[in-house]
Amino acid sequence: MADLSFEVQAVSKYFPGVKALDSVSITLEPGKTHALLGENGAGKSTLIKIITGVYAPDEGALHVGRAPVRFASPRDAIMAGVAVVHQERNLIPRFSIAENIMLEHLSDQVLRPLNFAAINEAARPWIEKLGINADPSTPVMELSVAQMQMVEIAKALSLQSSVLLLDEPTAALTPHETVALFNVLRDVRDKGVCVLFVSHKLEEVQEICDSVTVLRDGQNACENLSMNGLTRQDLVRMMIGRTELIAGYRPRDIDRRENALELLDFSSSAGHHGINLAVASGEILGLYGLVGSGRSELAKAIIGLLPTDGGDIRRDGQRVTIASPAEAIHKERIGYVSEDRKHEGLILQHSVLDNAGITVWRRAVNRFGFLTQNSVRRLVEPYLKKLQVKTPSLRQTIGKLSGGNQQKVAFAKWMAANCDVLIIDEPTVGIDIKSKTDLHDLIRDLASSGTAIILITSDMPEMIQLADRIAVMTDFVVSGELGNDGDYSSMSKQIIDLIHIEETRLVGE
Amino acid sequence: MVCIIATIIISLKSPAFFSALNGQVLLEAISINILIALSQMVIIGVGQMNLSVGAIGGFAAISFAGMMEVWGISAPVAAGLAIAIGVLAGSLNGIFIVWTGVSAFVVTLATLAIFKGLNLAITEAQPFYNIPAEVGAFGNTTFFGPLPWILIPALTIVVCVNFMFNRMPLGRKLLAVGANSHAAKLSGINVSHVIIVAHCISGFLAATAGIALVARLQLGQPTIGDDWLIMSFAAPVIGGAILAGGHVSTVATVFGVIIVALITQGLVLFKVDPYLVQVVLGALILAAVGFNRWKDIQTAKTKPGMHSG
Amino acid sequence: MFATSEKYREFGREGATDWLKRIALSNEFGLFALIVVAVLVFSSLASGFLSNFNLYLLGRIIAVNTMIGFSMMVVLVTGGLNLAVGAIGVCVAMTCGWLIEDIGLPWYIAIALAIVVGAGLGAINGLLVVWSGLHSFIITLATMSIFFGGMIFLTRAESFREMPGVFTDFSRLKFFGSVSAMLIPTCIVAVLLGILYRLTRTGKEMLAAGAQPAAAEQSGLRVKKLFVLCHVLSGAVAGCAGLMLLARNGAAIPAMAGNLGQDWLLIAFLGPVLGGAVLLGGYVSVLGAFLGATLVSVLSNGLLLIQVGEFWVQACLGLMLLLAVVLDKVRRLFVEN
């Protein structure tokens with residue numbers, strides 16, 4: 001483990017219509033743990049992909065030690081000593097712990113049989129060092145999530161990497177396991193490795209990290225700042241910044257006598273329990289929570305994609321059961337705009353018209369039983385125009401449009417569906433500022449016209465601009481509910497406190 | 001388990017079952033089917049499929065018989081050349097799959113037609129009859145009671161393949177690619193090479209099966225390989241292989257072959273219509289994949305759910 | 001907020017030149033050009049190629065091959081496949097023969113019932129695929145064996161040869177001395193499928209569900225039901241193909257599609273894949289599949305006429321599938337640059 005630093009120097013990356021990274025820099029020093037922070041869409045994941053060799057930067061350079069490096073593939077990055085522990089696991093489930101750690105060294109001799117005893121012995125020190133409490137010959141599939149993560153770290157360290165990048169490593173860990181992970185990370189750090197820690201959980205960042213880089217809108221909000229003397233509020237301010245955009249919230253008159261959608265003591269198989277939420281017609285209920293707190297799963301449980309496990313869903317005061325999204329849309333008029341545009345929101349290889357029209361096909365059938373282009377067009381075109389979707393034609397394959405335009409089509413689809421309740425999940429991640437403000441206007445318009453909206457977002461300014469009330473979700477329960485007074489600093493502080501209170505309670509348990 | 005029960009039931013009902021001749025027939029069929037099943041199993045291991053197993057086997061078989069009859073080449077040399085043809089055919093599959101990135105299904109469907117067409121074009125659908133006596137003897141004589149000689153190459157190959165998957169770097173790499181090709185690539189495994197080599201091994205095994213069948217039939221029949229497809233999938237699947245790749249078991253596949261052979265023979269002994277054997281084979285595949293799937297769901301239920309998003 | 005008339009033009013219909021350009025670049029146009037070239041080549045090499053009798057024979061081959069291709073195409077929509085098309089086709093033909101010969105039903109009722117049987121066998125495939133959540137490859141591999149074995153068991157592998165004259169009359173019927181009447185049912189099915197995918201809700205939903213099941217489900221489509229329906233359709237169309245073969249042979253023969261019906265497999269994939277169907281699901285072209293099957297039929301008929309052995313033709317068809325795959329790869333590389 002050579003004590004090499006790692007530098008990202010003024011890196012930029014362009015995607016069609018968006019500048020994802022704008023001259024971003026970050027310096028990792030050996031023997032230090034560095035935090036990378038940023039909201040969804042701030043450019044964090046693009047930067048991670050550049051560091052790990054998935055993307056090549058359009059401008060700027062990477063340096064290991066003092067030497068510039070170019071990564072043509074993820075493999076190059078690994079060979080240069082940049083090891084990554086991803087959220088999605090890169091292990092072979094049926095292979096043993098030892099074999100997974102030593103997978104890199106399988107290739108050495110083609111004709112010589114493997115000596116598993118030797119492999120186990122070679123892996124044992126890593127297994128012990130990382131506190132993986134299992135025999136080296138145990139198949140990885142029998143381990144807990146935390147243990148698997150440790151195996152991945154061991155695998156990375158066995159390559160003598162000089163940089164260890166951990167992407168949301170604690171998302172699937174219990175507080176207890178997190179403590180164990182941190183001990184290991186401190187150990188690794190003290191051996192002279194540069195550790196880059198990417199997380200949404202600010203408490204963890206404060207606990208483990210020596211310095212921090214924050215990204216905002218594809219730029220450095222700060223670069224290599226020492227954690228000493230930084231408060232959580234400081235970090236949040238840097239992540240969210242943009243106070244100028246936050247003036248937008250105006251209280252609106254909402255008739256709260258009858259709730260359009262109400263959850264009573266709602267539980268789901270995903271792990272939600274005792275959830276009480278209500279949203280009235282014309283109201284925007286914000287649902288704030290960190291990634292992994294169970295927000296999207298709650299939406300999916302409501303529309304019948306995940307099994308419910310007790311409690312009631314009430315629609316206009318009536319108790320209902322929803323077995324499938326088809327029932328949610330056509331019977332109860334509840335729609336869900338997914339955060340995963342590429343897989344759940346749109347059909348990328350189909351045309352704009354087919355994507356926007358999918359929810360209205362039922363209505364567009366003419367009296368001869370046919371579904372003509374024109375009848376679908378008539379139903380969706382007003383929405384596409386209202387949203388100012390920029391496309392050469394309605395036949396255009398939607399995958400070729402920019403992210404902002406894609407998201408507008410996804411919105412048009414749900415507006416055309418005439419739902420009374422819309423659950424909107426991370427509507428503006430990864431899209432340009434203009435489309436973002438357009439979509440914000442649209443969400444307000446929708447609410448004004450009487451749609452009940454549940455807005456899921458981890459973009460705090462977006463939440464405070466739009467939501468009439470904000471419910472905070474932590475670890476699959478609602479930890480509190482706030483009225484929105486539109487004042488950014490007090491609101492964000494209250495929200496963060498609610499998350500924090502719940503987390504300390506969990507750690508205390 | 002199932003194997004033993006089936007054997008007991010069948011032997012109780014029909015004492016003729018264990019007579020020497022029957023044992024020989026059964027073991028010969030098992031020997032050849034093991035080669036066919038392993039040929040497919042290697043490809044299942046990397047998470048693909050090979051529809052051309054039968055076509056390669058058939059092509060190698062008629063090459064073997066044809067070279068001996070037409071060119072008068074000695075049996076061992078002809079066998080070596082036929083195996084080389086099998087390996088070459090397999091490598092073509094692998095190279096096309098890797099190069100075009102098209103699913104193995106389509107590529108091997110195309111090569112199935114090509115190899116089968118070449119086979120029929122060369123033979124004009126007529127068998128080669130002049131198989132040297134020693135080849136026929138190898139395929140039809142026994143040692144030590146009912147044990148046929150072709151059991152020896154089959155068992156040797158089982159041991160080798162088993163050793164490869166459990167001990168050799170190549171076998172482990174093959175399984176790693178099948179389980180998670182992205183992870184394998186990140187760990188420095190050359191995924192393309194591994195896939196091509198797997199197809200070469202598959203071609204080798206298919207060719208061996210074809211040659212063994214020529215020896216057993218004493219006939220270079222162009223129809224060899226036509227009915228291998230179902231068998232080649234049935235045994236690995238019954239043996240618990242995961243079609244998505246990454247998990248195969250040589251020993252369990254051998255048991256799969258034995259189960260199929262016992263049931264097939266049993267049905268014949270019970271004078272059940274031989275055509276119903278097809279139905280039973282299909283039902284066995286369905287039962288096996290259904291059971292594996294059910295087991296997966298059960299294990300998924302016992303593990304705590306993982307959250308994301 | 002509302003778009004001006006300027007904006008409106010953004011969604012306007014494309015101009016005539018764009019339209020021509022799109023057609024000229026399309027896969028279907030390429031196939032059409034290849035067919036024209038093949039016809040020109042064969043008519044110059046073999047004098048009999050454009051004779052009335054050969055055109056009539058060619059029409060019969062095209063009719064059956066296209067129908068077989070359609071039976072696979074409607075499942076390719078789901079991103080799956082149906083190995084059992086041949087087995088189902090033979091089962092339907094045998095059912096029809098049995099209904100007429102042993103039960104004594106009139107031919108039109110027998111045909112209708114036989115196609116229902118085909119749809120039913122397709123439904124079994126579809127339900128098994130949807131229930132088990134397994135890939136349709138392994139399911140239909142198993143049912144191929146089951147359907148075919150069951151059929152052989154029930155029929156004792158014997159043919160039904162006492163078919164009413166209407167079948168052979170139909171297969172011998174020709175218009176203008178050269179156009180086979182067998183093309184009629186194929187064209188009807190082609191038009192119906194074209195309407196299904198372009199003009200009906202069910203067809204559009206099938207395409208959407210096949211392309212991206214998760215997105216389709218969240219948009220309120222019943223994905224599982226749609227997938228079963230695709231398999232039902234496949235069974236029915238495969239049945240039609242089986243009945244056309246029955247008409248051509250004048251008898252229902254268990255071996256008419258080879259062992260387990262495997263002889264249909266290559267033809268079944270060639271048409272749709274040449275026609276540009278995406279194997280991952282969500283896009284098919286009825287016209288493309290028709291032209292693809294036509295190209296295959298012209299090639300095999302022409303090659304036979306110029307004295308290329310029957311078996312070499314099979315190898316050629318395999319090569320063609322490989323070539324199509326390679327060309328597709330080259331085309332994609334070309335488009336990306």
Side-chain angles (χ1 to χ4, degrees), chain A residues 300 303-305 324-330 335-338 340-350 352-355 357-359 361-366 368-373 376-377 381-382 384-396 410 413-414 417 438 441-442 445, chain C residues 1-15 18-19 21-23 26 77 79 191-192 194-226 276-284 332 335-336:
Chain A
K300 288 182 180 175
I303 61 166
L305 267 179
S324 68
E327 274 185 34
I329 296 163
H330 300 292
Y336 170 57
V337 187
S338 173
D340 186 355
R341 211 163 46 221
K342 284 183 183 155
H343 300 106
E344 298 176 353
L346 296 170
I347 298 168
L348 291 182
Q349 64 270 44
H350 282 185
V352 171
L353 185 64
D354 283 348
N355 271 288
I358 188 166
T359 51
W361 286 342
R362 279 182 189 227
R363 275 185 287 137
V365 174
N366 68 17
F368 304 108
F370 290 132
L371 185 71
T372 63
Q373 294 250 348
V376 179
R377 199 186 165 106
E381 201 163 13
L384 291 173
K385 271 192 267 166
K386 181 172 182 185
L387 283 162
Q388 297 178 315
V389 175
K390 289 198 181 59
T391 168
S393 88
L394 292 183
R395 282 172 176 278
Q396 175 73 32
K413 159 173 123 180
W414 287 107
D438 287 354
D441 288 341
L442 181 82
D445 284 358
Chain C
M1 194 81 210
F2 271 87
T4 60
S5 57
E6 292 268 330
K7 280 270 187 257
Y8 194 85
R9 205 173 294 150
E10 280 180 10
F11 305 141
R13 282 151 211 278
E14 51 197 346
D18 292 341
W19 189 69
K21 204 165 132 194
R22 196 163 57 81
I23 292 215
S26 71
V77 165
V191 169
L192 289 178
I195 291 175
L196 175 74
Y197 292 125
R198 280 191 174 258
L199 288 177
T200 70
R201 187 185 129 204
T202 315
K204 289 219 162 244
E205 290 189 350
M206 283 173 175
L207 290 169
Q212 192 58 271
E217 186 173 16
Q218 291 195 10
S219 300
L221 307 192
R222 311 255 183 199
V223 173
K224 289 185 174 178
K225 208 171 100 187
L226 289 164
V278 177
L279 290 172
L280 293 174
Y283 177 78
V284 292
R332 262 179 295 156
V335 170
E336 273 165 25

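Chain letters run A, B, ... following the sequence lines, proteins first and then strands; every chain starts at 1. Keep in mind that the numbers below use all heavy atoms, side chains included, and drop hydrogens, waters and symmetry copies. Being a predicted model, the structure only gives us computed values, none of them experimental.
- With a 4.5 angstrom heavy-atom cutoff, Leu371(A) touches chain C via backbone and side-chain atoms both.
- With hydrogens and angles ignored, the 3.5 Å screen pairs no side-chain donor or acceptor of Lys386(A) with any backbone N or O of Leu442(A).
- Contacts between Leu346(A) and chain C at a heavy-atom distance below 4.5 Å involve the backbone alone (N, CA, C, O).
- In terms of non-hydrogen atom pairs under 4.5 Å with chain A, the most contact-rich of Ile195(C), Leu199(C), Thr200(C) is Leu199(C).
- In summary, of the residues considered (Arg395(A), Gln396(A), Lys390(A)), a side-chain contact (heavy atoms from CB on, under 4.5 Å) with Pro392(A) occurs for Gln396(A) alone.
- Looking at heavy atoms from C-beta onward, Thr391(A) lies out of side-chain contact with Leu384(A) at the 4.5 angstrom threshold.
- Proximity to chain C (any heavy atom under 4.5 Å) is shown, for Thr372(A), by both the backbone and the side chain.
- The part of Lys342(A) that comes within reach of chain C is its backbone (N, CA, C, O), which places non-hydrogen atoms under 4.5 angstrom from that chain.
- Of the inter-residue distances, the one linking Ile329(A) atom CD1 with Trp414(A) atom CH2 reads 3.5 Å to the nearest 0.5 angstrom.
- The candidate from Gly369(A), Gly357(A), Ala326(A) with the greatest count of non-hydrogen atom pairs under 4.5 Å with chain C is Ala326(A).
- Taking OG1 of Thr202(C) as the reference point, atom CG of Leu226(C) lies at 7.5 Å (rounded to 0.5 Å).
- Side-chain contact between Glu205(C) and Arg222(C) is absent, with no heavy atoms from C-beta onward closer than 4.5 Å.
- Contacts between Leu207(C) and chain A at a heavy-atom distance below 4.5 Å involve backbone atoms as well as side-chain atoms.
- The choice from Ala211(C), Ala214(C), Ala216(C) that makes the most heavy-atom pairs within less than 4.5 Å of chain A is Ala211(C).
- For Arg341(A), no part lies under 4.5 angstrom from a heavy atom of chain C.
- A donor-acceptor contact shorter than 3.5 Å is absent between the side chain of Ser338(A) and the backbone of Gly345(A).
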